[in-house]
Number of protein chains: 2
Amino acid sequence: MRVDDGAETPLLERVRQLVLSGQFPPGAPLSEVFLSQEFEVSRTPIRETLKQLQHEGLVEIRPKVGTFVREPTRREIVELFQLKEGLEGLAAGLLARRGNVPELDVLERNIAESDQATADQDATRYAELVHEFHRTIITGSDNSKLAEHYDRLMNQLAYHRLVLRTAEHPGRIKASTSEHRVVLEMIRDKDHFGAEAAMRNHVYASAREVLTDSRTAGQPLNS
Amino acid sequence: MRVDDGAETPLLERVRQLVLSGQFPPGAPLSEVFLSQEFEVSRTPIRETLKQLQHEGLVEIRPKVGTFVREPTRREIVELFQLKEGLEGLAAGLLARRGNVPELDVLERNIAESDQATADQDATRYAELVHEFHRTIITGSDNSKLAEHYDRLMNQLAYHRLVLRTAEHPGRIKASTSEHRVVLEMIRDKDHFGAEAAMRNHVYASAREVLTDSRTAGQPLNS
DNA sequence: CTGTCTCTTGTTGCATGCAACAGACGCTAG
DNA sequence: CTAGCGTCTGTTGCATGCAACAAGAGACAG
C-alpha cells in the first residue's frame, strides 16, 4: 500500500506531478475549472484530488477563495527533516532486528552501484540510488504504517527537488556513501541501536547539507 | 493546525465519531445515501469525508462497491505502536533540547493530578490525563509536522478505545505514572538521549500492556 | 444436487446546475 | 488625495441527475 488507496488514482498522481513540477510558482492559484479543463474531467474529481493534495501539504485551500500552490516554509522543511531522521532511524533499527532479509542484498548492490555512479560522475543516477537506498530501508523495516507516513512525508518535502542540488557536492557524495556503508554494516550485525544511530546521523548530515546549501543558494524557500 | 485543514469541518468530525463509536461492527457498509440522510447533507460532502476517513485508515473504500468500517488488524496495531514509540520518543528528545518551556510545568501538574486521580480511583480521569501527558510531549516538541503525523496516527489507533481497557490494571497505573515522572526528569535535565529512551521505554511498556491484555480479552481485533 | 448464466438491484463515479461568498474594482463624498 | 461604500466578477460548496458497474438472487440445464 502506497500513499493513498490500493490502486493510486492516476488523476491524483498527475495533478501532484503538475504542482511538484514547479511550473506554477508558490502562491499561484489552481482553480478547479482550469484543472478540470486541463485534465478533461469534471470539477468533482478535481475537488477530491485537491483535498488530498492539501492533506499532503502541497497546496493550500482557502475556503470559499481557492486553492493555491504551497511551498513549505523553511521552518517546515526543518521540521520535516527532523521527522525524516526519526522515521528512517526507526526503520533502520527495525530492519536490523529482522536478521537476514533480501533487502540487505538490495542495499549491498545499491552501495556498489553508487560507487559506480560516483566513478562515472553520474549525478542523476546517484540521486536515484540515494533515494532507493532510503526507500529500501523503509520497506525493509516491514512496517506498512511507517511506510505510509514516510511516503507522505517525502511528498511534502518534494525531496527530489531538494536533493538534486546537493548531489553536486562531490565531497558530500563520498561521505554519504560511506555513511550508507556504515548503516548497512550495523544492520548486518543486528546492532539495532547502532543502526538507528548511524541512520539518524546520516539523515542529519544530509539535511544539514541541503539546508545550508539552499540557504546560500537563495532558493525560493520563503521565510 | 490539527489533522486536516485549519478549521476542522464539523461533518468530518461527526462522521469520524460515528465510525469510532463502534456502533457499526467492522465490515459494516456505510452507504453514501444513508450517511447523507443521517447527517442531512448531500452525497457530495459525505463522499469527501469518506475519502478522508479512508486516508486515516478508519474505513475501507472498495471502488464501485462501497465503503466499509475497517478495524485495524492486530498486525497494524503493532505497527502503529512501533510508530508511536518512535514519534513520541522523538518528541521527548526534541522537547528536552528546548530547555525551560511552559510545557514542562504542564507536565508537572499533569503528574500531580494523575497521582490524585489514582488516589481517587478515578480511572476515566486518569485515562484523560495520560492522553494529555502524551499530547503535551508532542506539542512541546514544537514541531507541527510531527504533531500532524501524530494526530493521524492516534486516529488510526482509535487510541482511547484501547487505553480504557488497560486503565483498569492498578499495577500498570502506578508504573505508568512513575515512568512519566522519569521522562519529565530527563527532560528537565536536558538529557535528550535519556528523555527519548525513557519515553520509548514507556510507550513500549504501555503498548505491551494493551496488546497482551486485548489478546487475552479476545477483543474483536481480527487476524 | 450443483454449477452456470442472466437479470435485477443497489451502489458508486462523475457531470452539471445553482446559490453563496470573498475579494477587487471603481465610484463617490469629504 | 484619501477613505469608505456598493457593485460585480470569479470562485467555491453543495445538491442532484444519470450512467456504469459489482454482487447477489433466481432460474435453468446438466
Side-chain angles (χ1 to χ4, degrees), chain A residues 1-20 23-71 222, chain B residues 1-20 23-71 222:
Chain A
M1 195 193 297
R2 211 45 182 245
V3 63
D4 57 332
D5 51 347
E8 173 112 350
T9 306
L11 180 63
L12 174 59
E13 189 67 21
R14 285 199 295 163
V15 178
R16 187 192 288 129
Q17 287 311 319
L18 180 68
V19 41
L20 281 180
Q23 64 185 109
F24 288 82
L30 291 174
S31 111
E32 296 176 1
V33 289
F34 168 75
L35 290 176
S36 65
Q37 288 166 7
E38 189 74 9
F39 293 101
E40 294 179 329
V41 291
S42 135
R43 278 179 51 218
T44 310
I46 291 289
R47 247 178 110 57
E48 291 177 0
T49 300
L50 288 179
K51 270 222 161 179
Q52 296 288 329
L53 291 184
Q54 177 196 31
H55 211 119
E56 294 180 12
L58 296 180
V59 304
E60 176 187 2
I61 299 180
R62 298 228 296 276
K64 291 282 196 176
V65 176
T67 304
F68 305 87
V69 178
R70 188 176 178 310
E71 182 152 39
N222 41 357
Chain B
M1 194 192 295
R2 211 47 181 241
V3 63
D4 57 331
D5 51 348
E8 174 112 352
T9 306
L11 180 64
L12 174 60
E13 189 66 21
R14 286 199 294 164
V15 178
R16 186 192 289 129
Q17 287 310 318
L18 180 67
V19 40
L20 281 181
Q23 64 185 104
F24 289 82
L30 292 174
S31 114
E32 295 176 2
V33 288
F34 168 75
L35 290 176
S36 64
Q37 288 166 8
E38 188 76 7
F39 293 103
E40 294 179 328
V41 291
S42 134
R43 277 178 52 217
T44 310
I46 291 288
R47 241 176 116 55
E48 290 176 1
T49 300
L50 288 179
K51 269 222 161 180
Q52 296 289 330
L53 291 184
Q54 177 196 31
H55 211 118
E56 293 180 13
L58 296 180
V59 303
E60 175 187 2
I61 300 180
R62 298 227 298 275
K64 291 283 194 173
V65 176
T67 304
F68 304 88
V69 178
R70 186 178 180 311
E71 182 153 38
N222 40 356

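In what follows, chains are A, B, ... by sequence order, proteins preceding strands, each numbered from 1. Predicted model, so just to flag it, every value in this text is computed and none were measured.
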Provide, to the nearest angstrom, the distance between the [atom1] atom belonging to [X] and the [atom2] atom belonging to [N].
| X | N | atom1 | atom2 | answer |
| --- | --- | --- | --- | --- |
| B:Leu35 | C:dT12 | CG | P | 9 Å |
| A:Ile61 | C:dA22 | CD1 | P | 17 Å |
| A:Gln37 | D:dG10 | CD | C1' | 13 Å |
| A:Lys64 | C:dC21 | NZ | P | 6 Å |
| B:Leu30 | C:dT12 | CG | P | 9 Å |
| A:Arg62 | D:dG10 | CZ | C1' | 14 Å |
| B:Phe68 | C:dT12 | CZ | P | 8 Å |
| A:Glu32 | D:dT11 | CD | P | 10 Å |

Got [X] and [Y] here, is their nearest side-chain heavy-atom distance under 4.5 Å?
| X | Y | result |
| --- | --- | --- |
| A:Leu11 | A:Arg14 | yes |
| A:Glu60 | A:Gln54 | no |
| B:Thr67 | B:Leu35 | no |
| A:Leu18 | A:Gln23 | yes |

**Request:** Give a yes or no on whether a salt bridge exists between B:Glu13 and B:Arg16, defined as a side-chain N under 4.0 angstrom from a carboxylate O.
**Result:** yes

**Asked** Nearest to the side chain of A:Val65 - D:dA23, C:dA22, D:dG13?
**Response** C:dA22

**Asked** Looking only at heavy atoms, which two atoms of A:Leu50 and A:Ile61 are closest? And how far apart?
**Response** O-CD1, 3.9 Å

Please list each protein N or O that sits under 3.5 Å from an N or O in nucleotides 14-16 of chain D, with the distance.
unit_1, atom_1, unit_2, atom_2, d
D:dA15, OP1, B:Ser42, N, 3.3
D:dA15, OP2, B:Ser42, N, 2.4
D:dA15, OP2, B:Ser42, OG, 3.2
D:dA15, N7, B:Thr44, OG1, 3.0
D:dT16, O4, B:Thr44, OG1, 3.2

**Message:** Applying a 4.0 Å non-hydrogen cut-off, can you work out what A:Leu50 is touching in the nucleic acid: base, sugar-phosphate, or nothing?
**Reply:** nothing

